[in-house]
Novice: 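First, the structure itself, so that you have it in front of you.
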There are 2 protein chains.
Amino acid sequence: MGSVVSELENAGIKPSYQRVRIFEYMQMNRTHPTADQVFLDLKDAIPTLAKATVYNTLHALAEKGLIRELSTVQPSTRYDYAAEDHGHFTCRICNRIYDFPYDFDSRHSALSGFVVESQEIVQKGICQACLKKAQQNSAFP
Amino acid sequence: MGSVVSELENAGIKPSYQRVRIFEYMQMNRTHPTADQVFLDLKDAIPTLAKATVYNTLHALAEKGLIRELSTVQPSTRYDYAAEDHGHFTCRICNRIYDFPYDFDSRHSALSGFVVESQEIVQKGICQACLKKAQQNSAFP
DNA sequence: TTATTTGTTTGGAATAATTCTAATGTTGTG
DNA sequence: CACAACATTAGAATTATTCCAAACAAATAA
């Protein structure tokens with residue numbers, strides 16, 4: 001409990017009751033839940049909980065690196081002609097997607113007994129063009 | 001043109017006019033477009049084109065491996081407590097997400113001048129549990 | 001050719017995830 | 001205590017995607 005609070009504080013997030021409970025939930029439930037699952041599982045304990053709070057909190061936690069938002073391409077799915085293998089970098093400012101070469105013969109066999117039909121490397125961050133713009137204006141959050 | 005048609009045929013997709021135009025578009029526009037972008041860019045040339053057709057076709061192409069659907073977690077974003085680095089395997093049958101160990105110090109530097117804030121390995125396929133069930137009943141498509 | 005079957009496209013309605021907004025509530029500070 | 005800053009709430013709004021029934025096209029059989 002205390003550790004949850006101080007982890008939040010260390011990350012610069014005020015440990016409100018809701019935030020503590022949501023982060024606690026994420027630590028204890030390693031089930032890769034959706035925002036809705038978090039909401040449903042907590043609303044008995046916190047009857048006034050709003051879904052927007054769950055989204056706000058999950059986004060805040062993800063921004064500080066306390067949780068991860070599993071690979072999504074926001075806001076809508078992007079499609080790519082399937083040429084040679086390559087990784088994808090998504091810029092969180094301009095939302096552009098860049099390809100980068102990636103050597104896939106180092107396939108990580110991972111889970112035995114599973115059929116892997118596709119594999120992808122996904123990076124997120126800020127692209128060069130947006131970094132340049134940022135230097136001229138001011139820094140990004 | 002002929003090659004587009006025969007690629008579709010080889011993949012077992014009937015080369016209807018719409019499908020040919022959409023696949024052609026994907027080959028010529030390596031911009032990782034959304035379904036909506038494909039729709040908007042083609043509807044002048046194909047005035048009756050329906051968005052559902054774009055979705056149907058993109059899904060069919062992706063299923064046959066002619067294009068890729070860039071890493072999304074469907075239908076809604078999943079969150080994960082950010083412990084040690086690991087990859088994620090999503091089962092396309094039961095939608096469960098499995099962690100697998102992944103060594104991230106082999107970071108692929110990729111694009112120079114870009115700030116990489118997060119990196120993830122994403123696999124999709126069929127998990128062991130669903131494979132087992134499939135053997136008892138019948139095969140998956 | 002015509003009739004029949006099979007598969008495709010269309011357009012709009014339905015669904016569902018996420019974001020937005022305005023009002024209310026809470027916390028910390030002077 | 002008052003005020004400012006921030007958080008939460010509830011529900012409406014937005015938007016991507018799927019669903020559905022009807023119209024259409026192509027392929028096949030009679």
Side-chain angles (χ1 to χ4, degrees), chain A residues 4-5 8-9 11-25 32-64 66-67 69-79 90 92 95 97 141, chain B residues 4-5 8-9 11-25 32-64 66-67 69-79 90 92 95 97 141:
Chain A
V4 175
V5 169
L8 289 173
E9 282 170 344
I13 298 175
K14 276 194 198 159
S16 75
Y17 180 65
Q18 290 84 341
R19 288 169 176 175
V20 170
R21 297 303 299 272
I22 290 169
F23 186 38
E24 211 170 57
Y25 177 93
H32 315 92
T34 63
D36 198 57
Q37 280 162 354
V38 177
F39 173 74
L40 290 175
D41 287 348
L42 287 178
K43 77 171 187 183
D44 282 345
I46 316 171
T48 66
L49 184 64
K51 210 175 265 188
T53 302
V54 175
Y55 276 104
N56 288 342
T57 301
L58 291 176
H59 288 160
L61 294 174
E63 180 156 348
K64 298 302 182 180
L66 296 180
I67 65 171
E69 199 162 278
L70 295 198
S71 185
T72 52
V73 189
Q74 301 287 16
S76 43
T77 305
R78 307 278 287 259
Y79 295 87
T90 306
R92 71 169 162 90
N95 233 20
I97 295 180
Chain B
V4 174
V5 169
L8 289 173
E9 281 170 345
I13 297 175
K14 275 196 199 157
S16 74
Y17 180 66
Q18 289 84 341
R19 289 169 176 173
V20 169
R21 297 304 300 271
I22 290 168
F23 185 38
E24 214 170 56
Y25 178 93
H32 315 92
T34 63
D36 200 56
Q37 280 162 354
V38 176
F39 173 75
L40 291 175
D41 286 349
L42 287 178
K43 78 171 186 183
D44 282 344
I46 316 172
T48 66
L49 184 64
K51 210 176 264 188
T53 302
V54 175
Y55 276 103
N56 288 343
T57 300
L58 291 175
H59 289 160
L61 294 174
E63 178 155 351
K64 299 300 183 180
L66 296 179
I67 65 172
E69 199 162 276
L70 294 199
S71 187
T72 53
V73 189
Q74 302 287 16
S76 43
T77 305
R78 307 278 288 258
Y79 295 88
T90 305
R92 71 169 161 91
N95 235 18
I97 295 179

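Chain letters run A, B, ... following the sequence lines, proteins first, then strands; residues in each count from 1.
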Novice: Under 4.0 Å between any heavy atoms, over every strand shown, what does T53(A) touch: base, sugar-phosphate, or nothing? Just pick one.
Specialist: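 Base contact.
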Novice: Check whether any side-chain nitrogen or oxygen of Y55(B) sits under 4.0 Å from OP1 or OP2 of dT18(D), and answer yes or no.
Specialist: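 Answer no for this pair, as no side-chain N or O of Y55(B) is under 4.0 Å from OP1 or OP2.
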Novice: Measure OH/Y17(A) against P/dT8(D) and give the value in whole Å, please.
Specialist: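 In whole Å, dT8(D) P lies 12 Å from Y17(A) OH.
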Novice: Quick check on DNA chain D: between T48(A) and H59(B), whose nearest nucleotide comes earlier from the 5' end?
Specialist: T48(A)
Novice: Given dT9(D), dC19(D), dT18(D), which nucleotide is nearest the side-chain atoms of Q18(A)?
Specialist: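 Among the listed nucleotides, the one closest to the side chain of Q18(A) is dT9(D).
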Novice: Can you give me every donor-acceptor pair (side chain of residues 34-46 of chain B, partner residue at least two apart or in another chain, under 3.5 Å) with its distance?
Specialist:
{"from": "T34(B)", "atom 1": "OG1", "to": "D36(B)", "atom 2": "N", "distance (Å)": "3.4"}
{"from": "T34(B)", "atom 1": "OG1", "to": "Q37(B)", "atom 2": "N", "distance (Å)": "3.0"}
{"from": "D36(B)", "atom 1": "OD1", "to": "K51(B)", "atom 2": "NZ", "distance (Å)": "2.7"}
{"from": "Q37(B)", "atom 1": "OE1", "to": "T34(B)", "atom 2": "N", "distance (Å)": "2.9"}
{"from": "D41(B)", "atom 1": "OD2", "to": "Y25(B)", "atom 2": "OH", "distance (Å)": "2.5"}

Novice: Which distance, rounded to the nearest 0.5 Å, do you find between the CD1 of I97(A) and the OH of Y79(A)?
Specialist: 12.0 Å
Novice: May I have the distance from N95(A) (atom CG) to dA16(D) (atom P), rounded to whole angstrom?
Specialist: 12 Å
Novice: What integer distance in Å separates K51(A):NZ from dT14(D):P?
Specialist: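 Result: 19 Å.
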Novice: Side chain of T77(A): nearest nucleotide among dG11(D), dT17(D), dT8(D)?
Specialist: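 Of the options given, the side chain of T77(A) lies nearest dT17(D).
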Novice: Atom CD of Q18(A) and atom OG1 of T48(A): how far apart are they, to the nearest 0.5 Å?
Specialist: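 The OG1 atom of T48(A) is 6.0 Å from CD of Q18(A), to the nearest 0.5 Å.
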Novice: Whole angstroms only, please: what is the CD1-C1' distance between I46(B) and dC24(D)?
Specialist: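 Between C1' of dC24(D) and CD1 of I46(B): 16 Å.
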Novice: Please round to the nearest 0.5 Å and tell me the distance separating atom CG of L61(B) and atom CD1 of I67(B).
Specialist: 4.5 Å
Novice: Measure from CG on N56(B) to P on dC24(D) and round the result to the nearest Å.
Specialist: 19 Å
Novice: Between OG1 of T77(A) and NE2 of H32(B), what distance do you get to the nearest 0.5 Å?
Specialist: 14.0 Å
Novice: Could you check whether any side-chain N or O of T53(B) sits under 3.5 Å from a backbone N or O of L49(B), counting only pairs where one atom can act as donor and the other as acceptor?
Specialist: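 Such a contact is absent between T53(B) side chain and L49(B) backbone.
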Novice: By nearest nucleotide on DNA chain C, pick out whichever of D36(A) and A52(A) is the more 5' one.
Specialist: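 It is D36(A) whose nearest nucleotide is closer to the 5' end.
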Novice: Please find the earliest and latest nucleotides of DNA chain C, in the 5' to 3' direction, that have an atom within less than 4.0 Å of any heavy atom of chain B.
Specialist: dG7(C) to dT18(C)
